[in-house]
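Every number for a ligand or one of its atoms is a count from 1 in the order of the listing. For the single chain, residues carry numbers from 1 onward in sequence order.
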Amino acid sequence: MSPIGYFEVAGLRLRADPAREACFTVVRRDAEMHEYGGSDATARREMIHRHMSNEVTSLDIAAQCLADFPGAPWELRLELSRQCWDESRHVQVLYRKLRTMGGRKGEFPVSAFEWNVTCAVDDLVGRLATQNRTFEAGAMDVVGALAPALRDADPEVAEILEGILADEIQHVRFANRWIKRLVELDRRLLLKVASAVRFLAQANAVLQSRAGETNAVGRVLADPADRVPAVNVEDRQLAEFSDEEIAEILRQAGFRSLVRAGGEGVAQ
Ligand SMILES: [Fe+2]
Ligand SMILES: [Fe+2]
């Protein structure tokens, strides 16, 4: 098995793309993606295809952590193994749905950005801070709003997303617990967490689309700062973010939070 290399963008050293079947076109920037933004059949297939691909990437990242850090505590390795199992189920359920919608693997470009960034980090605590505590926690915000919004139009998709969200809470929670535990044992690891978070911010600055940029299907993209989702406070609490951390995340999101009333998610 040949080692997975690195590539450079604007002075940043990112991990080379993971292996993908030949049917997939892997792109590096969100402006190269086919996110339509509408709700017609093609836009909905692309949305499912994109989420499916992100689940594959989550699986790759958790599995690569197991391979790269054989000396990690057994209970943490067990959590990462369970995460692999969860992510593989998420891929399967979304792929099944994609096919019932007339879609197919590789129908739209995919990105492995989360892998490119996370797997460029050389320490496990930094990877947990990047993938689980940042990317997956951010996905909780997105899915927390998306699932109720789709309930009327496509109840099956809403249910699939809600099932996935329940698992994601645990992926974020075990990372929060283990980061805390590992930092208590060795305070120097806090520096690793901070540098991983800074590295992610730098990668975002390089690869995120700019305000007004047009993506590959002609959609004009908003400023990334305006695309920060409303915060899923309830699930972030379940994932054991502290009140202070949630307050800071809310500040970054312009104090918009997701409020569930009668099972509906409403951004406020
Ligand atoms: Fe997942
Ligand atoms: Fe996950």
Side-chain angles (χ1 to χ4, degrees), residues 15 18 20 24 26 33 35 46-69 72 75-99 103 105 108 110-119 121 124-148 150 154 156-180 196-197 200 229 231-232 234-241 249 258 265:
R15 200 73 184 260
R20 288 288 175 269
F24 287 106
V26 182
M33 295 289 285
E35 199 172 333
E46 193 279 333
M47 186 269 284
I48 296 291
H49 191 274
R50 180 160 29 88
H51 280 269
M52 177 189 79
S53 166
N54 286 341
E55 299 291 355
V56 177
T57 306
S58 295
L59 167 57
D60 283 336
I61 293 169
Q64 195 64 35
C65 284
L66 286 169
D68 285 348
F69 305 103
E75 295 81 3
L76 175 52
R77 288 175 60 76
L78 200 58
E79 293 284 13
L80 287 162
S81 308
R82 286 190 183 121
Q83 181 179 353
C84 291
W85 167 231
D86 289 344
E87 308 298 12
S88 65
R89 281 199 324 275
H90 299 169
V91 176
Q92 282 174 332
V93 74
L94 289 167
Y95 182 43
R96 210 177 300 135
K97 177 66 187 173
L98 180 69
R99 277 178 300 170
K105 285 190 291 188
F108 307 97
V110 296
S111 153
F113 176 72
E114 296 182 359
W115 160 283
N116 299 139
V117 176
T118 305
C119 291
V121 175
L124 182 53
V125 78
R127 287 197 195 177
L128 292 173
T130 308
Q131 169 62 12
N132 299 54
R133 196 180 138 81
T134 306
F135 286 132
E136 297 201 58
M140 290 191 326
D141 295 337
V142 172
V143 173
L146 190 59
L150 289 172
D154 195 335
E156 195 192 341
V157 170
E159 232 156 76
I160 288 171
L161 293 177
E162 274 164 9
I164 289 175
L165 179 57
D167 288 338
E168 301 305 344
I169 292 169
Q170 170 59 13
H171 304 163
V172 180
R173 180 166 44 211
F174 87 70
N176 271 334
R177 283 180 182 169
W178 274 99
I179 290 170
K180 213 167 148 190
V197 171
L200 168 58
V231 181
N232 186 342
E234 199 177 311
D235 290 338
R236 281 183 180 264
Q237 284 168 334
L238 288 174
E240 299 184 5
F241 280 91
I249 295 158
L258 206 63

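By the ring-ring contact (aromatic ring centres under 6.0 Å, His included) test, Phe24 pairs with His49, sequence neighbours left out. Take His90 and apply the ring-ring contact (aromatic ring centres under 6.0 Å, His included) test, not counting sequence neighbours, and it matches no residue.
Of the possible donor and acceptor atoms, one in the side chain of Asn116 sits under 3.5 Å from a partner among the backbone N and O of Arg15. A donor-acceptor contact shorter than 3.5 Å links the side chain of Asn176 to the backbone of Ala239.
Closest approach of Leu161 and Leu150 over heavy atoms only: CD1-CD1, 4.1 Å.
Around the Fe ion (ligand 2), protein N, O or S atoms at less than 2.8 Å number 4.
Among residues at least two apart or in separate chains, salt bridge (Lys or Arg N to Asp or Glu O under 4.0 Å) pairs with a member in residues 127-144 are Asp68-Arg127, Arg133-Glu245, Asp141-Arg236.
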